[in-house]
Amino acid sequence: MSLHINASKEAIADTVLLPGDPLRAKWIAETFLQDPVCYTNVRGMYGYTGTFNGKPISVQGTGMGIPSTLIYCHELITHYNVKNLVRVGSAGSYQKDINLRDIVIAMSASTTSSINSNRFPSNANYAPTANFQLFNNAIKYAQKQNISFSAGNVLSADIFYEDDFDIYKKWSSMGVLCVEMETAGLYSISAKHNVRALSILTISDSLVTGEQTTAQERESSFHPMVEMALNLVQDNLL
């Protein structure tokens, strides 16, 4: 058992979906999985294992931001031997042609976090990237299902409420698609431990237009993203 998850080793599947919101983990398990069992609620951070089309899969809340995400990813990898980590989260659009409820598949993750500058020499910059197999499988699934998506670089930010709102324009001008708070950490720790990771995001607000989705709209519009993530375990995609 691990410190923050506190589940038996057999309780967690080798593929885990990672929403930041623990209540979204509960919603995913109860909406999409067959016979879901809650294996942890330590600190209110729900984790469930069930089956999807007959295959075991888990879903684990991670909290907000890279530090919280790294705690759960570290324990999932080192204590439970998880091999595939798929973030299913929300993001804010940085581009005028990426709209509310659109899906973004993160090829790479820029960041304002010091996670990797603390790990490497001061003149080095590590570039966290998705696992190619997972990334490629997600693209193929989206194309097969005629799901519209964007793929590319996202920003994992440490600060949610920026003092300078217009700072997003600098990232936007460099082609960064959207902002969230976890992907760079997920891709870095997965590379460190040689496991596979992918981040699939749904646009919940736009820094370009100021539009936002409601809590109810976010729940209903997250269906395509979650279905895409779940279907990565089907047809020998993993």
Side-chain angles (χ1 to χ4, degrees), residues 17-21 24 62 64-66 69 73 85-113 115-116 125-162 164-191 196-213 217-218 221-229 231-232:
L17 270 57
L18 303 171
D21 184 351
R24 192 172 299 140
T62 64
M64 294 179 67
I66 287 176
T69 298
C73 288
L85 297 165
V86 183
R87 168 162 158 69
V88 283
S90 59
S93 173
Y94 274 180
Q95 302 293 334
K96 63 181 180 181
D97 57 347
I98 298 180
N99 303 307
L100 297 188
R101 293 175 284 279
D102 284 355
I103 288 178
V104 172
I105 305 173
M107 183 185 302
S108 59
S110 300
T111 186
T112 59
S113 170
I115 172 180
N116 289 318
N125 290 287
Y126 176 74
T129 57
N131 171 266
F132 176 77
Q133 183 180 2
L134 290 184
F135 180 80
N136 193 41
N137 288 344
I139 299 296
K140 288 180 178 178
Y141 177 81
Q143 292 173 335
K144 182 178 180 181
Q145 299 297 322
N146 293 315
I147 298 173
S148 178
F149 67 92
S150 298
N153 193 9
V154 306
L155 173 66
S156 297
D158 265 355
I159 299 175
F160 188 87
Y161 295 108
E162 289 280 4
D164 179 8
F165 176 81
D166 286 338
I167 196 171
Y168 87 86
K169 295 178 181 177
K170 294 182 179 180
W171 297 101
S172 175
S173 69
M174 295 295 288
V176 174
L177 302 180
C178 60
V179 61
E180 46 86 77
M181 300 187 75
E182 292 83 20
T183 299
L186 169 63
Y187 286 1
S188 295
I189 195 170
S190 297
R196 295 182 288 192
L198 181 66
S199 187
I200 306 173
L201 307 165
T202 297
I203 298 300
S204 59
D205 60 282
S206 172
L207 280 80
V208 181
T209 65
E211 295 175 289
Q212 295 181 336
T213 55
E217 288 173 333
R218 292 184 189 192
S221 63
F222 281 3
H223 272 78
M225 170 182 66
V226 175
E227 289 171 353
M228 180 186 294
N231 275 282
L232 292 178

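Both backbone and side-chain heavy atoms feed into the values below; hydrogens, waters and symmetry mates do not.
A 4.5 Å side-chain heavy-atom check between Ile98 and Cys178 finds every atom pair outside the cut-off. Side chains of Leu186 and Thr62 form no contact here, defined as non-hydrogen atoms less than 4.5 Å apart. By the 4.5 Å heavy-atom criterion applied to side chains, Pro128 and Asn116 are counted as neighbours. Between Arg87 and Thr69, the closest side-chain pair of non-hydrogen atoms is not below 4.5 Å. Put simply, the side chain of Trp171 does not reach to within 4.5 Å of the side chain of Leu207, judged on heavy atoms. Between Ile200 and Ile103, some side-chain heavy-atom pair lies under the 4.5 Å cut-off. Inter-residue side-chain proximity for Ile203 and Asn99 is flagged as unmet; no heavy-atom pair is nearer than 4.5 Å.
Taking Lys169 as the reference, Asp166 meet the salt bridge (charged side-chain N to carboxylate O under 4.0 Å, His left out) condition, with sequence neighbours excluded. The side chain to side chain contact (heavy atoms under 4.5 Å, CB included) check on Ser172 picks up Tyr94, Gln95, Tyr168, with sequence neighbours excluded. When the side chain to side chain contact (heavy atoms under 4.5 Å, CB included) test is applied to Gln212, the partners found at least two apart in sequence or on another chain are Asp205.
Rounded to the nearest 0.5 Å, atoms CG (Asp21) and OG (Ser90) are 8.5 Å apart. In this structure, CE on Met228 lies 9.0 Å from CG on Leu198, to the nearest 0.5 angstrom. Annotation: the span from Leu85 atom CG to Leu17 atom CG amounts to 9.5 Å, rounded to 0.5 Å. Atom CG of residue Leu18 and atom CZ of residue Arg24 lie 12.5 Å apart, to the nearest 0.5 angstrom.
With a 6.0 Å radius and a threshold of 12 heavy atoms from other residues, nucleotides or ligands, Phe165 has its CZ atom above the threshold.
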| said: Set out, in order, the CA-CA distance, both residues' side-chain angles and the distance that settles side-chain contact (heavy atoms from CB on, under 4.5 Å) for Glu227 and His223, then state yes or no. | reply: CA-CA 6 Å; Glu227 289 171 353; His223 272 78; 4.3 Å; yes

